[in-house]
Amino acid sequence: MITLDAIGTFALIVGLLTLTPGLDTALILRTAALGHRRRVWGVVIGIQSGTLIWGVLTSFGVTALLTASHLAYTILRWAGAAYLVWMGGRLLWATWRHSSNESPQTVGAGGTTGAETKAGTGAGDTLLGGWRQGIVTNLLNPKMGAFYVAVLPQFVPAGASRLAPGVLLAGVHILLAVVWACALIAFAHVLRDRLQRPSARRCLDRITGTVIAAFGIRLALGQ
């Protein structure tokens with residue numbers, strides 16, 4: 001049986017990882033700041049669905065095979081990099097297409113346009129759309145798999161069934177990530193009124209697009 005000390009140590013490791021600014025933080029902040037209440041929770045649920053899948057796959061040893069196979073890892077890495085560069089590029093391109101007097105027709109991975117983000121509702125503000133964006137972003141990041149392969153087995157007792165401890169530890173990671181997501185969403189809501197101006201929204205999308213594209217480039221370079 002996994003011990004409380006092991007759970008606490010694992011929680012500390014993944015807690016520090018969760019607090020580190022990254023792609024998930026950028027996606028959650030942007031979506032929440034634009035007033036997409038349903039979509040932002042879809043993004044959160046999607047990201048954590050991906051985390052649970054990585055935990056289960058690691059418990060079964062599938063991710064170990066992925067990281068051991070250079071070809072499989074490279075394919076996933078390039079697929080993830082292409083997706084992130086595409087998503088970030090679409091955000092940047094949408095902001096450059098419009099003058100400072102127009103609302104930016106920003107387009108996210110789920111097909112969200114500026115007209116939809118303006119009201120914070122509509123076709124773009126959907127739980128399912130956010131979930132798709134979150135889970136795809138998470139599962140196309142091979143570094144998540146590599147992290148779980150490197151860390152998770154160290155906390156699973158020798159000779160014990162791997163699935164239950166693996167799911168438990170992934171659940172700890174998910175719980176901490178959801179708590180942090182709640183803090184990010186609350187912070188973004190404070191800034192929401194300042195983002196009603198088209199120029200402010202363009203600035204937000206340019207920052208977010210640059211961050212997402214940069215993560216994609218780093219992933220492609222294997223950094």
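All figures in this text were calculated on a predicted structure; none of them were measured in a lab. Here, residue 1 is the first one in the sequence, and each next residue gets the next number.
The minimum heavy-atom distance between P142 and R77, with the atom names listed, is CG-CA, 3.7 Å. In plain terms, the two heavy atoms of W54 and M144 that are nearest each other are NE1-CB, 3.5 Å. Contact record, G50 with N138: C-OD1, 3.2 Å, taken as the closest heavy-atom pair. Here the shortest heavy-atom pairing between A188 and A33 reads CB-N, 3.6 Å. The two atoms that bring R38 and L127 nearest to each other are O-CD1, 3.4 Å, heavy atoms only. Nearest heavy atom pair, residue I185 against residue I28, reads CG1-CG2, 3.9 Å.
Listed by chain and number, the residues in a side-chain contact (heavy atoms from CB on, under 4.5 Å) with V85 are I217 (sequence neighbours excluded). Residues passing the side-chain hydrogen bond (donor to acceptor under 3.5 Å, both in side chains) test with S59: none are found, sequence neighbours excluded. For the side-chain contact (heavy atoms from CB on, under 4.5 Å) test, residues two or more places apart in sequence or in another chain that qualify with C182 are W41, V178. Applying the ring-ring contact (aromatic ring centres under 6.0 Å, His included) rule to F10 yields the partners F155; only residues at least two apart in sequence or on another chain are considered. Remark: F215 pairs with no residue by the ring-ring contact (aromatic ring centres under 6.0 Å, His included) rule, at least two apart or across chains. For S49, the side-chain hydrogen bond (donor to acceptor under 3.5 Å, both in side chains) test picks out W131, with sequence neighbours left out. Partners of L57 under the side-chain contact (heavy atoms from CB on, under 4.5 Å) rule, at least two apart in sequence or in another chain, are I53, V62, T63. Annotation: side-chain contact (heavy atoms from CB on, under 4.5 Å) contacts of T25 (sequence neighbours excluded): L29, W180, L184.
For the side-chain contact (heavy atoms from CB on, under 4.5 Å) with I47, the lone residue among V44, V43, I45 that qualifies is V43.
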Name every donor-acceptor pair, under 3.5 Å, that has one atom in a side chain of residues 15-22 and the other anywhere in the protein, sequence neighbours excluded.
from	atom 1	to	atom 2	distance (Å)
T18	OG1	V14	O	2.7
T20	OG1	L16	O	2.8

Extract all donor-acceptor atom pairs below 3.5 Å that involve side chains of residues 207-214 and protein atoms in other chains or at least two apart in sequence.
from	atom 1	to	atom 2	distance (Å)
T208	OG1	L204	O	2.8
T210	OG1	R206	O	2.7

Just distance, no hydrogens or angles: give the donor-acceptor pairs under 3.5 Å from side chains in residues 146-153, sequence neighbours left out.
from	atom 1	to	atom 2	distance (Å)
Y148	OH	H173	ND1	2.7

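Note that the CD atom of Q133 and the CZ atom of R39 stand 5.0 Å from one another [nearest 0.5 Å]. A distance of 6.0 Å separates CG in L76 from CG in L140, rounded to the nearest 0.5 Å. Rounded to the nearest 0.5 Å, atoms CD (Q154) and CG (L169) are 11.5 Å apart.
I75 belongs to a hydrophobic cluster whose remaining members, ordered by chain and number, are L71; membership requires side-chain heavy atoms of ILVMFWY residues under 4.5 Å apart, directly or through intermediates.
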